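Below: the structure, in C-alpha cells.
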Amino acid sequence: MCEIKYGFEPFYDKESKVLILGSFPSVKSRQVEFYYGNDRNRFWNTVCGFFGEETPKTVDGKKKFLLRRKIALWDMVTQCEIVGSQDSKIKNFAVADIKKLLQNSKINYIILNGGKAKEIFEKNFGDITVVYEGLPSTSPANVSFKKEVWNEALTRAFNI
C-alpha cells in the first residue's frame with residue numbers, strides 16, 4: 001500500500017463559466033502546487049493559445065488568466081494512492097464534489113481532459129444537466145493529442 005496523495009482545491013470564482021476537469025495532478029503539478037505544472041503538458045499552450053495569449057510564466061499569472069477568461073479548474077480525483085503520474089496507477093480514490101462546485105458558480109460547460117476524467121465523471125455525475133464533453137488528454141504521454149479538437153471544443157464552450 002502506498003501513501004495517500006492529495007489533489008488541489010478547485011480553482012474558480014462565482015463568475016466561472018467553463019470547468020475543465022482533469023484526472024489527478026501529476027508529480028510535477030504537485031511540486032509546483034498548481035494545475036498542469038509539467039512544462040511538457042500541452043494544457044497551458046493550448047488554452048492560452050486559443051485566446052491568442054502567451055502562456056503566463058508564473059502560477060499567479062496563470063490564475064489571473066483563468067479568472068479573466070472565466071475558466072475553472074479541478075480534478076475528478078481529490079485524493080488517491082498513486083505511484084508516479086499515470087492515470088492507470090490511480091487506486092482507492094475519492095471523487096470531487098462537482099455538484100457543489102456547480103451550485104457556487106455560473107459554470108455552463110464542462111470539458112473533461114482525458115479518458116480517465118471522462119470515465120470517472122460519467123460514472124459519478126452522468127445525471128448532471130450541464131453540457132460536457134471529453135477531450136484527448138493534454139498530457140505529454142498522449143501521442144494522439146490534436147490541438148484542433150481542443151480549439152473546436154473551446155469554441156463551443158465559449159460560444160465563439
Side-chain angles (χ1 to χ4, degrees), residues 1-48 55-128 130 132-143 145 150 153-154 157:
M1 184 166 151
C2 63
E3 177 184 338
I4 297 280
K5 304 281 193 272
Y6 296 90
F8 308 130
E9 291 295 313
F11 184 83
Y12 75 106
D13 70 8
K14 61 181 176 25
E15 299 300 317
S16 297
K17 292 187 175 177
V18 175
L19 171 60
I20 301 176
L21 289 166
S23 53
F24 189 73
S26 69
V27 170
K28 289 188 179 182
S29 294
R30 294 192 308 268
Q31 288 170 348
V32 301
E33 300 179 343
F34 199 63
Y35 297 92
Y36 305 103
N38 183 339
D39 290 338
R40 292 180 48 233
N41 191 300
R42 302 171 189 98
F43 178 83
W44 291 109
N45 286 337
T46 299
V47 176
C48 294
T55 299
K57 303 289 185 227
T58 65
V59 168
D60 188 54
K62 291 172 181 174
K63 288 178 178 180
K64 288 177 181 171
F65 166 81
L66 294 168
L67 293 173
R68 188 172 64 255
R69 293 300 181 174
K70 299 181 180 357
I71 299 171
L73 294 182
W74 205 7
D75 288 308
M76 288 305 312
V77 173
T78 58
Q79 68 182 54
C80 65
E81 293 176 11
I82 187 170
V83 175
S85 299
Q86 293 180 330
D87 286 352
S88 62
K89 302 290 185 188
I90 294 172
K91 306 283 186 241
N92 301 319
F93 59 89
V95 176
D97 188 351
I98 303 301
K99 290 181 180 180
K100 183 176 179 184
L101 178 63
L102 294 176
Q103 292 169 353
N104 295 309
S105 65
K106 295 179 180 176
I107 292 168
N108 61 14
Y109 207 96
I110 298 172
I111 292 174
L112 303 162
N113 187 354
K116 188 69 166 184
K118 183 179 180 195
E119 172 192 321
I120 296 169
F121 180 87
E122 288 182 335
K123 182 176 181 183
N124 293 277
F125 301 103
D127 61 336
I128 283 181
V130 173
Y132 71 90
E133 69 177 298
L135 296 180
S137 173
T138 58
S139 165
N142 179 15
V143 295
F145 175 81
W150 268 81
L154 290 167

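Here the structure is a predicted model, which is why all the values come from computation and not from measurement. This chain uses plain numbering: 1 for the first residue, then up along the sequence.
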**Report entry** Heavy-atom neighbours of Lys62 NZ exceed 12 at 6.0 Å
**Finding:** yes
Query raised in the report: If you round to the nearest 0.5 Å, how far is CZ of Phe8 from CH2 of Trp74?
Result: 13.5 Å
Requested in this report: Decide yes or no for Ile98 and Ile128: does some side-chain heavy atom of the first lie under 4.5 Å from some side-chain heavy atom of the second?
Outcome: yes
Query raised in the report: Between Trp150 (side chain) and Ser137 (backbone), is there a donor-acceptor pair under 3.5 Å?
Result: no
Query raised in the report: Quick one: CZ on Phe11 to CG on Asp75, what's the gap to the nearest 0.5 Å?
Result: 14.0 Å
Query raised in the report: Out of curiosity, Leu73 CG to Lys63 NZ, how far, rounded to the nearest 0.5 Å?
Result: 11.0 Å
Report task. Give a yes or no on whether the ring-centroid distance for Phe125 and Tyr132 is below 6.0 angstrom. Result -> no
**Report entry** Donor-acceptor contact present, side-chain Arg69 to main-chain Lys64, <3.5 Å
**Finding:** no
Query raised in the report: Between NZ of Lys118 and CD1 of Ile111, what distance do you get to the nearest 0.5 Å?
Result: 13.0 Å
Report summary line: By side chain to side chain donor-acceptor pair (under 3.5 Å), Tyr36 pairs with (sequence neighbours left out) Asn113
Report task. For the pair Val18 and Ile107, evaluate side chain to side chain contact (heavy atoms under 4.5 Å, CB included) and give the outcome as yes or no after the intermediate values. Result -> CA-CA 5 Å; Val18 175; Ile107 292 168; over 6 Å; no
Query - Side-chain heavy atoms of Leu112 within contact of Leu135, under 4.5 Å - result: no
Report task. Rounded to the nearest 0.5 Å, what's the gap from CG on Asn92 to CD1 on Ile4? Could you check? Result -> 6.5 Å
Query raised in the report: Is any side-chain heavy atom of Val95 closer than 4.5 Å to a side-chain heavy atom of Thr78?
Result: no
Requested in this report: Answer whether the closest heavy-atom distance between the side chains of Phe43 and Ile20 falls below 4.5 Å.
Outcome: yes
Requested in this report: Grab the two heavy atoms, one from Ala117 and one from Gly22, that are nearest each other, plus how far apart they are.
Outcome: CB-O, 3.5 Å
Requested in this report: Please answer whether the main-chain N or O of Arg42 pairs with a side-chain N or O of Thr46 as donor and acceptor at a distance below 3.5 Å.
Outcome: yes
Query - Asn104 and Lys14: CA distance, side-chain angles, deciding distance, side chain to side chain contact (heavy atoms under 4.5 Å, CB included) verdict - result: CA-CA 6 Å; Asn104 295 309; Lys14 61 181 176 25; over 6 Å; no
Query raised in the report: Would a distance-only check, ignoring hydrogens and angles, find a side-chain to backbone donor-acceptor pair under 3.5 Å from Arg30 to Gly7?
Result: no
Query raised in the report: When you check the side-chain N and O atoms of Asn41 and Thr138, is any donor under 3.5 Å from an acceptor?
Result: yes
Query - Side chains of Leu21 and Phe121 in contact at under 4.5 Å (non-hydrogen atoms) - result: yes
Query raised in the report: Relative to each other, are the rings of Phe65 and Trp44 parallel, tilted or perpendicular (30° and 60° limits)?
Result: perpendicular
**Report entry** Test side chain to side chain donor-acceptor pair (under 3.5 Å) applied to Glu15 and Lys70, Lys106, Arg68, the passing residue
**Finding:** Lys106
Requested in this report: Could you tell me the separation between the SG atom of Cys48 and the CG atom of Leu66, rounded to the nearest 0.5 Å?
Outcome: 7.5 Å
Query - Min side-chain heavy-atom separation Pro140-Asn38 under 4.5 Å - result: yes
**Report entry** Over 12 foreign heavy atoms within 6.0 Å of CG, Asp39
**Finding:** no
**Report entry** Over all atoms of both residues, closest heavy-atom pair of Tyr35 and Ser29
**Finding:** C-OG, 4.0 Å
Query raised in the report: Got a sec, which residues hit side chain to side chain donor-acceptor pair (under 3.5 Å) with Lys99, two or more places apart in sequence or on another chain?
Result: Asp127
Query raised in the report: Quick one: are the ring centres of Phe93 and Phe24 less than 6.0 Å apart?
Result: no
Query raised in the report: Does NZ belonging to Lys5 count more than 12 external heavy atoms closer than 6.0 Å?
Result: yes
